[in-house]
Every structure is written in structure tokens, then in C-alpha cells.
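Okay, structure first, notes after.
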Number of protein chains: 2
Amino acid sequence: MITSAPIELAVSTVIFALRPGDDSGRRTVWLPLVRRIREPQQGKWALPGGPLEPAQELSESAAFTLNETTGLSPSYLEQLYAFGNVGRSPGNRVVSIIYWALVREEEAAEAVVTENVRWFPADDLPELAFDHAEIVEYALGRLRGKLEYSNLGHAFVGELFTLSALREVYEAVLDKRIDPANFRRQVETSGLVRATEQVQTGGRHRPARLYRFTAAATQLASQSASI
Amino acid sequence: MITSAPIELAVSTVIFALRPGDDSGRRTVWLPLVRRIREPQQGKWALPGGPLEPAQELSESAAFTLNETTGLSPSYLEQLYAFGNVGRSPGNRVVSIIYWALVREEEAAEAVVTENVRWFPADDLPELAFDHAEIVEYALGRLRGKLEYSNLGHAFVGELFTLSALREVYEAVLDKRIDPANFRRQVETSGLVRATEQVQTGGRHRPARLYRFTAAATQLASQSASI
DNA sequence: TCAAAAGTGTTTTAAATACACCCATGT
DNA sequence: ACATGGGTGTATTTAAAACACTTTTGA
């Protein structure tokens, strides 16, 4: 009787954060990778992840890996796609269920950085293990696409934020300039945001009003997370 | 040493076709289900599917199941989502990677109908096994959503089609009336469609010009299948 | 000749975009 | 005072939607 090796089931996560780029003062998209410390593909950089535990929910597994890698909790977490091509891992058959997550950079920022965990700019990645380069590309597409038709910016700013800060999130992710006046109107008429009484001073210009997301917005974000 | 049972990996498919409804002459969305012939949930209707074979691609598994169930080949096939909640199958842990497919009804139509395979209207399903009701709901949302921002109608019509036929696909899936004049303009300016020299006669009205999809359209459909 | 869908033209409505200009603060 | 981003007003462009009307066939 022939018994082939069982199919392995893993969960990995593409973790995005906005960080100051090397060049201008503008922030860009970064993601953490881990260096593989065993064969196959030893030494190459890969997405954080691991085998699924029988008693563990898929999203729990993704969030656990994320916390292990960055020390952070995700402000957004959604399943991306199941990658399972026969040839994607030489020698064994691995089906990887990929999640993607957004984290707020402010919180811990440089917290966890070891020899084998490092953050990279999304547009300047090293050679990745397996099909992980393809996966990251796919996740970036989803991030950009979703930002345009949902209120995903929510996940990148804090509880209180200026409209400029929110706009900068969009500019960083979509990598294009957005007219501040039109952006303001779109956001304000969306009903997903409410002005507070507070303002943010400190800039050498007129203080900016602080906003917060409405309940509708947070709800919408978690809904769209499953659609 | 405690060794828990391994996680099972299955692939199932939500198969959509347009069929004449019971009432009016208009077509509606139908899907085939199979009756479970063993425990758990014996006797309940479920999505067609089965365990993933180690040497089989995910999409191959979905297409194989589809052909087995309907005798048809999919004109569109795309991964939907991986459902893997711990409690979704009592007793064992099953992660199901779900695909969704569109088939052209004309081809075989009533071909495969047995005691344990039956087509149901999407808006009038029997009680389903496991979390399959939730899965079908999710797939319907994706079908409707995708039809609005891509040229998915492509998969439901033949090579040559009238703009009315294409419009009826949209009306059936979205379950709403669409202005023929505006629909015509939108489709014509999209560049995804090209008029042929032929017309379709036979109706008691002016003959309708036949169209075909351009290469761009078919390409776009298969692209969007992986995004 | 009449019904019915094919197909064209035009108006209305709404949204995105572009851009001029005033406001309030730190230096 | 003046540079800078915050914030308002308005014109332009584009697309969606609504709807009147003409065309061509089968019966």
C-alpha cells in the first residue's frame, strides 16, 4: 500500500506598516520578514508563519505569528488567499493560507528586531523564499485596491487624527498625491468620520482639527475584512 | 506522547448557472448540491467537494469535482475563501478551500441529475450541511460584487451574443432592471466587446446585432480570477 | 398595421477633479 | 511679516441615470 506524505497546512502573514522612507520625509510601506534558519531555502527571507495547530483558528494563528514577529497586535487582519501549487515547496506539498495585516507603526516601531527578523521597504525587497515574492505582490495589490473602495485608512491612524494624517496614509499606500481640499470633502461626506472639539497645535501653521472614526467606520472595516 | 488527529484539507466548489425560474420567463441563479451519504450530517445537502490529493492542484481539484457533479467544464473558476473554523465540522478539524465557478447552462443543462445531485435556486436552498449556507451566501456576494466591476458576464454567454442576452445575465444576477440604452453604451465604450457582421433574427422585432468579446476581455476575466 | 425589442439622441443628476483664495499659527 | 499647512468656495470635467424617440422585424 502506497501512502504519500500528508499535505502540510501552514498559515503565514504579510504584515504592513507605514514607516519613514530613507529619502524624503514621507512614509512608505514596509513589511517584516524572517530569515529561514533551516532547509529548504535556508538563509533566504520569508514571510512569518508556521504550521496550523489543530485547535487554533486560522486568524488566531496569523495574529499569533504577527505578535511573535513584531510584538504588535494587528489593527486590521484579513485572509488574503490560499497558495497551494504543487511545486511551490520542493519536496513536500504545502498549502499556505495567507493573511495580511496592518499595524500602527507608532506603538512599538523598532521593538522587535533581531538578527533574523528585519523590516524591508515593500518596493525594495531581498530575494524571497518559495513563492513569497508573488504573495507579497498580491497582498500589495489587495492593500491598494481595498484602500480605494473601503475605509482601510482607519487601521493606520490612531484614535484621534488630523485629515492630513489620514491623507498621508492614502498618499503613502497609493504612492500618489491627493488634493487636500477634495480629500477633505470626500472623507467628510462619507459619514465615516466625525470632527472633535480638539485641535492639534505645534506645526508652524494653523492648528488642524482632530477627527475620530464613527462606529459605522469601525464596523465597516471589520465587515469588509470578511468580504 | 499526545498526537492529535491531523487537520484535513478539502476543496469544495460553489457552482453557479443561470436557469429559467419557476415563475416568469426570466432566468435566475441556480447551483447544484449533493446529498451527503454518510455521517456526519448524513442526508443533508452540501457543496460538491472532496479531500485534496497530494499531487493535485487546488483549482484542478475544484474543476474535477465540478465536472463530476455537473458534467460541465467551468467557463470561470476562482478561489473564494478558505473556511477553517475549529467548530465547523464536529469531531474533526477540516479546512475547506472553496472555489466558485460559473457554467454556461445551454451546454448540457439537465445532463447530470441523480438521486443525490440536484440543482436549487440560489434564493431557495434547503438546509445545508456544516457551514455551507454561510459559504453560499458569501459566494453570492462575491458573484454580484464582481459582476459590477469586472466583465464577468463573459462567462455566462456564448461566443456570440446579443447585448440583450448579456444584459439579461446582469439583470438575473443582480436581480434588478437595467436600462437597455445605458447598458449598451457602457458595454460598447468599455472596449471589451466587438460587434460582428451577423445579426440574430427570429424574434418578432428588429434583429439584434451579435457581438463577441475581445481578447482584452477574456484576458481580463482570467486575470481578475486571481485577484 | 401593430406590438415589441433594437438602437439613437438628449437632458438631468451626481461625482470627481482642478484650482483660486482666505485663515491661523510658529518663527 | 511671512512661510506653511488648514480650510472654504467655485468652476470644469466626466460619468451615471432617466427618458423620449426612431428603426426594423414577425405576426
Side-chain angles (χ1 to χ4, degrees), chain A residues 20 24-27 144-153 157-158 160-212, chain B residues 20 24-27 144-153 157-158 160-212:
Chain A
S24 72
R26 272 207 295 295
R27 296 189 295 167
R144 297 201 179 101
K146 201 132 193 177
L147 194 69
E148 300 208 87
Y149 70 85
S150 80
N151 65 321
L152 207 59
V157 294
L160 291 177
F161 53 89
T162 66
L163 291 190
S164 284
L166 185 60
R167 176 170 51 81
E168 278 160 16
V169 167
Y170 280 75
E171 292 185 332
V173 173
L174 302 178
D175 195 23
K176 68 172 182 186
R177 292 321 207 75
I178 299 173
D179 183 303
N182 294 332
F183 181 80
R184 165 179 301 274
R185 263 184 296 260
Q186 280 188 19
V187 172
E188 273 174 344
T189 61
S190 75
L192 299 173
V193 109
R194 212 183 60 243
T196 68
E197 296 306 312
Q198 306 164 59
V199 293
Q200 186 178 74
T201 60
R204 22 191 287 190
H205 51 75
R206 175 174 171 178
R209 184 160 299 278
L210 287 167
Y211 287 75
R212 70 171 72 246
Chain B
S24 73
R26 272 207 296 293
R27 296 189 295 168
R144 297 200 179 102
K146 200 132 194 177
L147 194 68
E148 300 207 87
Y149 70 86
S150 80
N151 66 321
L152 207 60
V157 295
L160 290 176
F161 53 91
T162 66
L163 292 189
S164 285
L166 185 59
R167 177 170 50 81
E168 277 159 18
V169 167
Y170 281 75
E171 293 185 331
V173 172
L174 303 179
D175 195 23
K176 68 173 183 187
R177 291 322 205 75
I178 299 172
D179 183 304
N182 294 332
F183 182 80
R184 163 180 301 275
R185 263 184 295 260
Q186 281 188 19
V187 172
E188 272 174 344
T189 61
S190 74
L192 300 173
V193 109
R194 212 182 61 243
T196 67
E197 296 305 313
Q198 306 163 60
V199 293
Q200 186 178 74
T201 59
R204 20 191 289 191
H205 51 75
R206 174 173 171 177
R209 183 160 301 277
L210 287 167
Y211 288 75
R212 70 171 72 245

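Computed over heavy atoms, backbone and side chain alike; hydrogens, waters and symmetry mates excluded. In what follows, every chain begins at residue 1, and chains take the letters A, B, ... in the order their sequences are listed. The shown structure was predicted, so the numbers you read here are calculated from the model rather than taken from an experiment.
- Sorted by first then second residue, the ring pair (Phe, Tyr, Trp, His ring centres under 6.0 Å) pairs that include residues 173-194 of chain A, not counting sequence neighbours, are A/Tyr170-A/Phe183.
- In this structure, A/Arg184 CZ and A/Ser164 OG are separated by 7.0 Å, a value rounded to the nearest 0.5 Å.
- In terms of heavy atoms, A/Thr162 sits closest to A/Ala208 at CG2-CB, 3.7 Å.
- For DNA chain D, the neighbouring residues in residues 167-181 of chain A, judged by any heavy atom under 4.0 Å, are A/Arg167, A/Ala181.
- Residues forming a side chain to side chain contact (heavy atoms under 4.5 Å, CB included) with B/Gln198 (at least two apart in sequence, or on another chain): B/Leu160, B/Thr196, B/Leu210.
- Of the two residues near DNA chain C, B/Arg185 and B/Ala165, the one whose nearest nucleotide lies more 5' is B/Ala165.
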Just distance, no hydrogens or angles: give the donor-acceptor pairs under 3.5 Å from side chains in residues 188-195 of chain A, sequence neighbours left out.
{"unit_1": "A/Glu188", "atom_1": "OE2", "unit_2": "A/Tyr211", "atom_2": "OH", "d": "2.9"}
{"unit_1": "A/Thr189", "atom_1": "OG1", "unit_2": "A/Arg185", "atom_2": "O", "d": "3.0"}
{"unit_1": "A/Thr189", "atom_1": "OG1", "unit_2": "A/Gln186", "atom_2": "O", "d": "3.2"}
{"unit_1": "A/Ser190", "atom_1": "OG", "unit_2": "A/Val187", "atom_2": "O", "d": "2.6"}
{"unit_1": "A/Ser190", "atom_1": "OG", "unit_2": "A/Leu192", "atom_2": "N", "d": "3.2"}

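- Secondary-structure stems of DNA chain C, taken as three or more successive Watson-Crick or G-U wobble pairs (i with j, i+1 with j-1) under a 3.5 Å distance threshold, comprise C:1-27 with D:1-27.
- Screening residues 199-212 of chain A for salt bridge (charged side-chain N to carboxylate O under 4.0 Å, His left out), with sequence neighbours left out, gives A/Glu159-A/Arg212.
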Please tabulate, for the side chains in residues 171-180 of chain B, all donor-acceptor contacts under 3.5 angstrom to protein atoms that are two or more places apart in sequence or on a different chain.
{"unit_1": "B/Glu171", "atom_1": "OE2", "unit_2": "B/Arg167", "atom_2": "NH1", "d": "3.3"}
{"unit_1": "B/Glu171", "atom_1": "OE2", "unit_2": "B/Ile178", "atom_2": "N", "d": "2.9"}
{"unit_1": "B/Asp179", "atom_1": "OD1", "unit_2": "B/Ala181", "atom_2": "N", "d": "2.7"}
{"unit_1": "B/Asp179", "atom_1": "OD1", "unit_2": "B/Asn182", "atom_2": "N", "d": "3.1"}

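- The list of ring pair (Phe, Tyr, Trp, His ring centres under 6.0 Å) pairs with a residue in residues 189-210 of chain A, not counting sequence neighbours, is empty.
- In summary, contact between chain B and DNA chain D, defined as any nucleotide atom under 4.0 Å from a heavy atom of the protein, begins and ends at D/dA17 to D/dG26 in the 5' to 3' direction.
- Between A/Asn182 and A/Pro207, the residue whose closest nucleotide on DNA chain C is further toward the 5' end is A/Asn182.
- Across every non-hydrogen atom of B/Val169 and B/Gly153, the tightest pair is CG1-CA, 4.2 Å.
- Extent of DNA chain C lying under 4.0 Å from chain A heavy atoms, first and last nucleotide in 5' to 3' order, is C/dT17 to C/dG26.
- Residues from residues 198-206 of chain A that place a heavy atom under 4.0 Å from any atom of DNA chain C, listed by number: A/Gly203, A/Arg204, A/His205, A/Arg206.
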